[in-house]
Amino acid sequence: MKINWFKYASPATFYPVAGRLVPLFGIAAVVLMLFALYWGFLETPERLGGTNPQKEYYRIIFIHVPAAWMSMWLYLVLAGWSAVGLVFNTRLSFMLANAVAPTGAVFTFIALWTGAFWGRPSWGTYWDWDPRLTSELILFFLYIGFMALHSAIDDSRRADRAAALLAIVGLVMLPIIFWSINCPDPNNCAALHQRSSLGKIESNILIAMLTMTLGFWLYSFATSFVRLRGIILMREQDSAWVRELVADDGGAVQPKPGESDREVSA
Amino acid sequence: MLKVFWCILKRDITLAMRRRTDVLTTLFFFIIVVSLFPLGVGSERELLRELGPGVVWVAALLASMLALERLFAADYDDGTLEQMLLAGQPLSLLVLAKVVAHWVLTGLPLVFIAPLMAMQYALDGTAVWVMMASLAVGTPVLSLLGAIGAALTLGLRGGGILLSLLILPLYIPVLVYGAGAVTVSAIQIADTQPYFALLGAFLLAALVLAPPASAAALRISME
Amino acid sequence: MLKVFWCILKRDITLAMRRRTDVLTTLFFFIIVVSLFPLGVGSERELLRELGPGVVWVAALLASMLALERLFAADYDDGTLEQMLLAGQPLSLLVLAKVVAHWVLTGLPLVFIAPLMAMQYALDGTAVWVMMASLAVGTPVLSLLGAIGAALTLGLRGGGILLSLLILPLYIPVLVYGAGAVTVSAIQIADTQPYFALLGAFLLAALVLAPPASAAALRISME
Amino acid sequence: MLEVDHLSCRRGDRTLFTGLSFTLPAGTLLHVRGRNGSGKTTLLRALCGLLRPDHGHIRWRGEPITELADDFNRELLYFGHLNGIKADLTGLENLRVAATLDQDPCADADILAALARIGLAGFEDLPTRMLSQGQKKRVALARLILSKAPLWILDEPFTALDTDAVALLERLIAEHVAGDGAVVLTTHQEVQLTRGEIQRLTLGSVPSS
Amino acid sequence: MLEVDHLSCRRGDRTLFTGLSFTLPAGTLLHVRGRNGSGKTTLLRALCGLLRPDHGHIRWRGEPITELADDFNRELLYFGHLNGIKADLTGLENLRVAATLDQDPCADADILAALARIGLAGFEDLPTRMLSQGQKKRVALARLILSKAPLWILDEPFTALDTDAVALLERLIAEHVAGDGAVVLTTHQEVQLTRGEIQRLTLGSVPSS
Ligand code: HEM
Ligand SMILES: Nc1ncnc2c1ncn2[C@@H]1O[C@H](COP(=O)(O)OP(=O)(O)OP(=O)(O)O)[C@@H](O)[C@H]1O
Ligand SMILES: Nc1ncnc2c1ncn2[C@@H]1O[C@H](COP(=O)(O)OP(=O)(O)OP(=O)(O)O)[C@@H](O)[C@H]1O
Ligand SMILES: [Mg+2]
Ligand SMILES: [Mg+2]
């Protein structure tokens with residue numbers, strides 16, 4: 001079967017589709033997040049054992065880690081749509097990138113915030129210049145930069161393309177930045193290698209965490225689509241279909257396009 | 001091709017020489033920022049020695065960034081940039097010429113003034129040489145990366161500070177390895193070579209990638 | 001009189017709100033500069049704690065100074081400043097209104113974000129309060145003093161960096177006593193009151209002297 | 001009203017004019033002409049007090065303008081090469097600020113009427129950065145309708161305007177002169193007045209160095 | 001030479017023109033007219049490729065200008081609201097840079113001759129910031145004398161010029177058209193040509209919102 005993807009690349013077709021998907025994703029997200037919270041709070045061990053016995057507050061992991069994952073994934077999505085937009089010049093891709101950015105920034109912020117509140121009881125400090133924390137902070141700056149640049153430019157087309165270029169430059173730089181922070185001393189990098197402890201984690205915790213991640217993921221879809229619909233309406237004000245839509249709601253009068261005439265004389 | 005490159009390079013350097021203060025102010029900004037810190041944090045020798053490389057590099061970052069704001073702005077305001085876009089010459093070449101001129105005027109002087117700054121922070125002989133070398137390799141990367149940001153924020157109100165928001169995070173690797181090389185040079189057994197290898201790799205990558213990216217950004221901004 | 005003051009104040013705040021990013025970028029610049037240092041100097045807690053007050057104050061200085069560049073520049077470029085000079089209203093009043101608006105938009109937010117920055121440098125409770133208080137009294141002085149420099153460098157190419165050259169030395173007393181107050185607050189026996197008395201005196205003097213000085217500078221620059 | 005006495009100005013090393021004297025009574029228009037670079041803008045800025053002349057005096061109602069300072073400024077409306085409007089404010093907001101600064105008490109309705117008269121009905125609520133070259137100029141010119149100042153100093157007010165706008169501006173100037181105002185203006189076009197006197201002042205061509 | 005096919009442009013939320021088509025053969029001048037804000041500048045920038053139109057195509061000698069890119073730019077001379085000269089360089093230096101960028105091989109003597117012809121003899125060695133409004137514009141116009149580009153796009157080239165300069169510019173344009181060049185220009189004045197065809201294109205007045 002061959003689907004005409006370009007049909008869906010038009011804002012006019014995508015607008016109602018997004019409208020139908022929003023409640024679907026929204027409800028699923030809420031359900032999954034509630035389930036994950038329930039599972040995380042009631043079905044997991046009361047305290048973690050091992051060398052560093054963590055008290056009840058380890059449960060913040062069910063928000064913290066999924067949020068951190070989402071923040072990185074969403075940046076990839078953002079840069080991906082930006083690249084598609086720049087290459088194929090499709091308006092919808094830029095709009096998608098814009099719609100995703102605030103959600104990504106929010107997850108980054110949540111990861112930082114929950115991390116800080118976790119750090120207080122477990123490390124005795126809100127903040128430490130641990131490589132991972134620093135990288136997350138820089139990711140936050142990249143999101144903020146993207147949004148700041150976009151909103152600093154009046155002309156929406158220039159704003160889209162400039163912000164998209166920035167997102168791509170950011171994506172190229174990101175691995176280098178992360179790596180330089182993780183390995184500030186190239187003489188003995190191997191010693192600093194950080195190992196993820198996810199493999200050894202208890203399965204209940206894993207279930208709760210993965211469910212929460214999925215919930216966050218759907219939440220990202222829902223919020224991005226809501227924002228996307230707003231953006232589409234604003235950008236396409238002039239087009240016939242939006243005018244019909246607005247007219248149905250008894251909306252405002254739209255300007256007519258200017259006419260032009262010409263005469264030739266010798 | 002080469003003729004156009006030289007023409008733009010010469011033009012920018014002539015312009016800067018007409019207003020010699022421009023060149024000097026970047027330098028003085030650097031000196032002032034470096035000298036402010038001891039006022040803010042106190043003047044214990046040990047503390048300062050530890051701080052030295054970081055402060056000098058952060059100051060270099062800030063100085064380079066501030067000067068960048070004007071990289072395209074003047075040309076944009078008077079319409080010469082528009083003319084460059086329409087010149088029928090590869091835009092990345094023109095951009096590269098402008099960046100090179102910019103570095104010669106604002107980055108290179110920092111390299112030569114660095115020993116004076118190092119003195120204020122009680123750094124010793126080797127550290128001073130390493131600092132000069134790291135600045136010499138690192139500051140062109142700053143100029144090249146910064147050009148992208150300067151092109152993106154062209155003509156925006158509050159562009160200067162927006163530029164710093166966009167660019168400073170991207171400067172981090174250069175800061176880490178630049179300052180790292182100097183810090184490490186104080187330890188006898190440690191080797192600074194990997195640091196310079198990395199900085200050199202950054203420079204090469206930036207030389208290849210940054211001009212086309214800036215050119216693309218300029219075309220977007222001029223629309 | 002008061003009506004004109006309010007009119008200009010409202011105008012500048014409206015303008016900033018039209019471009020909300022302007023306000024936020026000063027703030028983020030501050031945050032980024034503060035966050036860069038640990039990357040350059042390493043992240044030992046003790047070292048950072050000692051550095052904290054100085055770094056936060058130097059960053060505040062730089063942020064305030066950078067934002068100042070735009071204090072009159074935009075009005076100069078579009079000719080509204082010329083109109084203000086010819087308005088038949090006391091120019092120092094108009095200048096004061098512009099400076100107040102500028103501080104509300106760029107200085108005040110720094111006061112409120114300071115605790116977060118203090119956290120990064122592991123400062124404790126009292127130190128955080130003292131830092132907020134010292135920023136609240138100190139940053140208006142920075143804006144007022146900076147206005148003089150901004151007026152003098154108006155319309156000069158490379159004004160931004162020239163401005164910093166003129167203004168940073170004037171900022172030094174504020175930096176010394178502002179950062180000093182925070183450092184001293186960590187010591188139990190020491191008293192921060194003299195520091196605040198001095199900062200307050202600076203503020204009063206600046207409030208009286210800076211607006212006429214800036215007005216005079218503006219008249220010179222506009223000739 | 002305005003008396004100029006042996007005025008001379010120089011820019012850089014070049015003396016633009018020396019010993020320039022004239023008086024401008026109420027109800028007169030002074031059309032300053034001259035080739036490009038002959039010193040028209042320089043003269044106008046000196047008349048406003050923005051630029052200090054080398055020699056000579058400028059008097060307003062008998063008193064030197066340097067002494068009158070703000071009192072002179074209040075009776076003056078200057079319109080230079082720059083429009084003096086903020087790109088981020090709408091036309092309405094711009095004129096509101098201008099009116100407060102000039103101490104012209106005028107309501108929003110007056111401003112809207114002025115904008116409509118100048119041909120910007122429908123554009124009042126757009127930030128002026130979204131306007132074309134000529135539309136921006138029109139916003140600035142709306143101040144002429146609102147202002148009560150007796151002396152207008154206008155530097156090339158006709159550039160970038162289309163024929164409708166030029167005609168309107170000519171009418172505004174004629175009305176002002178007819179109402180016992182004084183106008184100093186530069187333009188490379190011809191100026192006609194239905195009523196009131198026109199003086200013409202031609203600045204000499206610049207000596208080449 | 002230049003073909004425009006169903007062009008439509010918008011700025012902000014306002015569609016300025018739609019379905020605009022015309023062809024401009026060699027030896028023709030196109031005078032774009034229209035009220036302030038009708039989209040003349042927008043059209044000219046689109047023709048240069050500085051601004052991407054919403055719909056429609058622009059072709060130069062049969063090929064889309066987006067594909068020709070630098071090849072098209074080399075055949076084009078654009079002259080916008082801004083002069084495109086550096087205030088800190090002298091007239092001579094400015095034109096030298098412009099000539100290198102345009103790949104017009106010309107010696108300093110040519111440039112000096114051009115400056116003299118445009119009425120700036122004696123001002124060649126002054127930084128252009130020391131020139132008056134109209135003199136700056138003249139420096140920029142000297143490029144028209146030096147350039148070999150077949151297509152000129154001029155946005156309100158007559159503003160700020162005195163009558164001598166206007167006459168000279170009209171002569172330059174007429175010569176270029178007579179020499180099988182093409183010119184697109186906007187101005188609120190009338191344009192006459194001694195030889196060659198004039199097309200007039202009037203952009204509709206902007207609907208108020
Ligand atoms: C502001 C503070 C913090 C930030 C920004 C932060 C950031 C992150 C990020 C980005 C990840 C995902 C990395 C990955 O999986 O590759 C993560 C995972 C994790 N974080 Fe944090 N974190 C913070 C504080 C903390 C604290 C205080 C703790 C525990 C005491 C903590 C424990 C963990 C754990 C256990 C994981 C799971 C992933 C793994 O095992 O590697 N984090 N954090
Ligand atoms: N940056 C912008 N953003 C949004 N709209 C704009 C922008 N620039 C211009 N416009 C709008 O586009 C329209 C046409 O502008 P343009 O500059 O092309 O007019 P013009 O015909 O050149 O007018 P003029 O004779 O005044 O120079 C105007 O109505 C203006 O409001
Ligand atoms: N900032 C300056 N420094 C030095 N000389 C200047 C400066 N500005 C202008 N001049 C010189 O002063 C002379 C007069 O300039 P002015 O702007 O008054 O001319 P103008 O009559 O308004 O010309 P135009 O019709 O071109 O606007 C010019 O010859 C110019 O070279
Ligand atoms: Mg003039
Ligand atoms: Mg125009």
Side-chain angles (χ1 to χ4, degrees), chain D residues 10-14 16 33-43 80-82 115-116 118-139 141 155-156 158-168 186-190 202-203 205-209, chain E residues 10-14 16 33-44 80-82 116 118-139 141 155-156 158-168 186-190 202-203 205-209:
Chain D
R10 47 196 290 176
R11 300 300 313 256
D13 306 327
R14 207 179 291 269
L16 293 175
R33 292 189 300 186
R35 296 195 44 193
N36 288 141
S38 54
K40 302 180 293 299
T41 301
T42 310
L43 173 63
H81 281 307
L82 296 166
L115 279 171
I118 206 97
L120 287 176
F123 289 87
E124 304 93 347
D125 286 330
L126 274 188
T128 52
R129 78 162 63 249
M130 303 241 175
L131 300 181
S132 79
Q133 191 83 343
Q135 288 170 326
K136 281 179 198 147
K137 191 116 189 176
R138 286 171 185 230
V139 173
L141 286 173
D155 196 355
E156 305 204 18
F158 296 108
T159 52
L161 292 180
D162 60 23
T163 39
D164 293 358
V166 168
L168 174 63
T186 66
T187 169
H188 296 294
Q189 308 180 8
E190 274 308 308
T202 308
L203 294 177
S205 73
V206 201
S208 59
S209 61
Chain E
R10 47 196 287 178
R11 295 305 309 256
D13 307 326
R14 208 178 288 270
L16 292 175
R33 292 189 299 185
R35 298 194 43 195
N36 288 141
S38 54
K40 301 181 293 298
T41 301
T42 309
L43 173 63
L44 262 53
H81 281 306
L82 296 166
I118 206 98
L120 287 176
F123 288 87
E124 304 93 346
D125 285 331
L126 273 187
T128 53
R129 78 163 61 251
M130 303 242 176
L131 300 180
S132 79
Q133 192 83 345
Q135 288 170 326
K136 281 179 198 148
K137 192 114 191 179
R138 285 172 186 230
V139 173
L141 286 173
D155 197 354
E156 305 205 16
F158 296 108
T159 52
L161 293 181
D162 61 22
T163 40
D164 291 359
V166 167
L168 175 62
T186 66
T187 169
H188 296 294
Q189 310 179 8
E190 274 308 308
T202 308
L203 294 177
S205 72
V206 201
S208 59
S209 63

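Every value quoted in this text rests on a predicted model; they were computed, and no experiment measured them. A, B, ... follow the sequence lines: proteins, then strands. Residue 1 opens every chain.
- Only one option out of Thr41(E), Leu16(E), Asn36(E), Thr42(E) pairs with Ser132(D) in a side chain to side chain contact (heavy atoms under 4.5 Å, CB included); it is Asn36(E).
- Among the candidates Thr186(D), Leu161(D), Asp125(D), the residue making the largest number of heavy-atom pairs closer than 4.5 Å to chain E is Leu161(D).
- In this structure, the portion of Arg138(D) lying under 4.5 Å from any heavy atom of chain E is its side chain and not its backbone.
- With respect to chain D, the highest number of heavy-atom pairs below 4.5 Å among Ala165(E), Gly34(E), Ala160(E) belongs to Ala160(E).
- For the pair Thr163(D) and His188(E), the tightest heavy-atom approach, listed with the atom from each and the gap, is CG2-O, 4.3 Å.
- Only the side chain of Leu126(D) comes within contact range of chain E, with at least one heavy atom under 4.5 Å from a heavy atom of that chain.
- Chain E forms more heavy-atom pairs under 4.5 Å with one residue of Arg11(D), Gln133(D), Glu156(D) than with any other, namely Gln133(D).
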